[in-house]
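Report on the structure given below.
What's counted below: heavy atoms across the whole structure, side chains too, no hydrogens, waters or symmetry copies. We name chains A, B, ... by the order of the sequence lines, and we start the count at 1 in each one.
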There are 2 protein chains.
Amino acid sequence: MELDTPKPRRRGRPPKQADGQRNTRAALVRAGVELLTEKGFAATGIDEFLRRVGVPKGSFYHYFSSKEAFGTELIENYANYFARKLDRWLLDESTPPLQRIANFVADARAGMERHGYRRGCVIGNLGQEMGALPDAYREHLADVFTDWETRLARCLELARQEGSIAPDSDSRTLARFFWIGWEGAVLRAKLELSPTPLDLFAQGFFLGLGR
Amino acid sequence: MELDTPKPRRRGRPPKQADGQRNTRAALVRAGVELLTEKGFAATGIDEFLRRVGVPKGSFYHYFSSKEAFGTELIENYANYFARKLDRWLLDESTPPLQRIANFVADARAGMERHGYRRGCVIGNLGQEMGALPDAYREHLADVFTDWETRLARCLELARQEGSIAPDSDSRTLARFFWIGWEGAVLRAKLELSPTPLDLFAQGFFLGLGR
DNA sequence: ATTTAATTAGACGATCGGTCTATTATTCGC
DNA sequence: GCGAATAATAGACCGATCGTCTAATTAAAT
């Protein structure tokens, strides 16, 4: 929490070019995603986002029409970020398919470790909160999971064709299974402040593939 | 949401015996657990518990010293309720061990269906919220999972000894794997308002056991 | 009868959530 | 160039919520 940003932000319309940091909005989104990985959406007040970035309320409602709209953008932003991260591993043609998945797991694990297991998955966090969230989020979140599922399924399909997993496997179902369990593992890792739930689930998943 | 309870609660010290409903405190806990299965802890205000039961604030702070203390009691209450439910299935000696687990799954599934997939698991919900929760909850929640794990592991151990699953299985690890994934499945079921995540995970788990 | 215990009633102040209006600085249109 | 539109910050504002505290009410204890 970088508290006081003593930089007294200039008011008024900013100069067109060379404005140095055209970043207020982006900074809000970044801080928003960060906070959402740690805390719930309902539990986090707008002031908290603002204090984090050192921006007054007026700016917030200049950029976003409401907290709900802000949330939508956070979901999109995180989903994109994560999809890119996923592809970085799953589309790596220099690596056999199953190893790609293992690499992703290792990367995610390292990420959680880096943040002391205090940050989880934005999509999972929001999903858990659905009872207190705008209902419009539901479909949005579900779509994100479907997207990740598709990406993973493609990789698993490669593995199947390659003969690394049973030829009668259903890649789609396997991918779905993975994400269901993985979200559980992330949640548990956050609770125990430890990577073992991630390891344990991943290991179980790969073992299951072997049958 | 049973809004107005038109029963104008009698004030003053209640009669000693035959008081009919010595239930205010219990009702608060019950409502609390209900709300916690649907919404987050931080997202739910005390007034919401109170309105649900039709009790004024004075009563709440008569029975509980703070919201945090209330929460602790909710965790205990739910953990107990769930452990009893678990035992009802897992200790059923008239049924083979693996079938007991399947029965539990079916029961939990039916429970979620009954509430339109809008209620999840209190412990899981709170776990996800850890970032915004009193840190004292962490250990408490982790202990609950360990307890459930132990109960399930005993059942799996029976299955192992009986030869229903591979003799070199580690019951403890399997049980841990189950709860990790199960929480993920519950979360996902709540998001999709559908039982398929539960079914899919359970099926995958049992298939994995077969190896 | 008087005191004490148990409970409900609800006012209160502080804080905070989300919205909205005002102000300031810049660019754009003509 | 000058006025209008634009982009951004500043912060007042209202209602809700949290936790506390005092008063009121009823029964039990002595």
inquiry  = I want to check one thing: is the phosphate of C:dT8, taken as OP1 and OP2, less than 4.0 Å away from some side-chain N or O of B:Tyr63?
reply    =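 Yes, B:Tyr63 has a side-chain N/O under 4.0 Å of OP1/OP2 on C:dT8.
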inquiry  = Can you tell me if B:Ser59 touches the phosphate of C:dA9, counting only side-chain N or O atoms and a distance under 4.0 Å to OP1 or OP2?
reply    =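 No, B:Ser59 has no side-chain N/O under 4.0 Å of OP1/OP2 on C:dA9.
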Starting at atom [atom1] of [X], determine the distance to atom [atom2] of [N], rounded to an integer number of angstrom.
X       : N      : atom1 : atom2 : answer
B:Phe49 : D:dT17 : CZ    : P     : 12 Å
A:Leu50 : D:dT9  : CG    : P     : 11 Å
B:Arg25 : C:dT8  : CZ    : P     : 12 Å
A:Glu48 : C:dG18 : CD    : P     : 11 Å
A:Arg51 : C:dT15 : CZ    : P     : 13 Å
A:Ile46 : D:dA16 : CD1   : P     : 17 Å
A:Phe60 : D:dA7  : CZ    : P     : 19 Å
A:Lys39 : C:dC16 : NZ    : P     : 11 Å

Starting the side chain at C-beta, find the nucleotide from [options] nearest to [X].
X       : options               : result
A:Pro56 : D:dA10, C:dT7, C:dA9  : D:dA10
A:His62 : D:dG19, D:dA8, C:dT8  : D:dA8
A:Tyr61 : C:dT8, C:dT19, D:dG19 : C:dT19

What nucleic acid atoms does [X] come within less than 4.0 Å of, heavy atoms only: base, sugar-phosphate, or nothing?
X       : result
A:Ser66 : sugar-phosphate
A:Lys57 : base
A:Thr44 : nothing

Check: residues 76-84 of chain A side-chain donor-acceptor pairs under 3.5 Å, at least two apart:
unit_1, atom_1, unit_2, atom_2, d
A:Tyr81, OH, A:Lys85, NZ, 3.3

ask   = Above 12 or not: heavy atoms from other molecules or residues under 6.0 Å from CD of B:Glu139?
value =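 No - once you tally the heavy atoms of other residues, nucleotides and ligands closer than 6.0 Å, there are 12 at most.
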inquiry  = Could you tell me if A:Lys67 sits above the aromatic ring of A:Phe41, with its cationic atom closer than 6.0 Å to the ring centre and no more than 45 degrees from the axis?
reply    =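 Verdict for A:Phe41: a cation-pi partner in A:Lys67.
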ask   = Given that A:Gly58 and A:Asp47 both sit by DNA chain C, which one's nearest nucleotide is further toward the 5' end?
value = A:Asp47
request  = Answer yes when A:Glu38 and A:Lys190 have at least one side-chain N-carboxylate O distance shorter than 4.0 Å, and no when they do not.
outcome  = no
task = Assign the ring pair A:Phe178 / A:Phe201 to parallel, tilted or perpendicular, where the plane angle (0 to 90°) is split at 30° and 60°.
result =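 Taking A:Phe201 first and then A:Phe178, their aromatic rings sit tilted (interplane angle of 30° to 60°).
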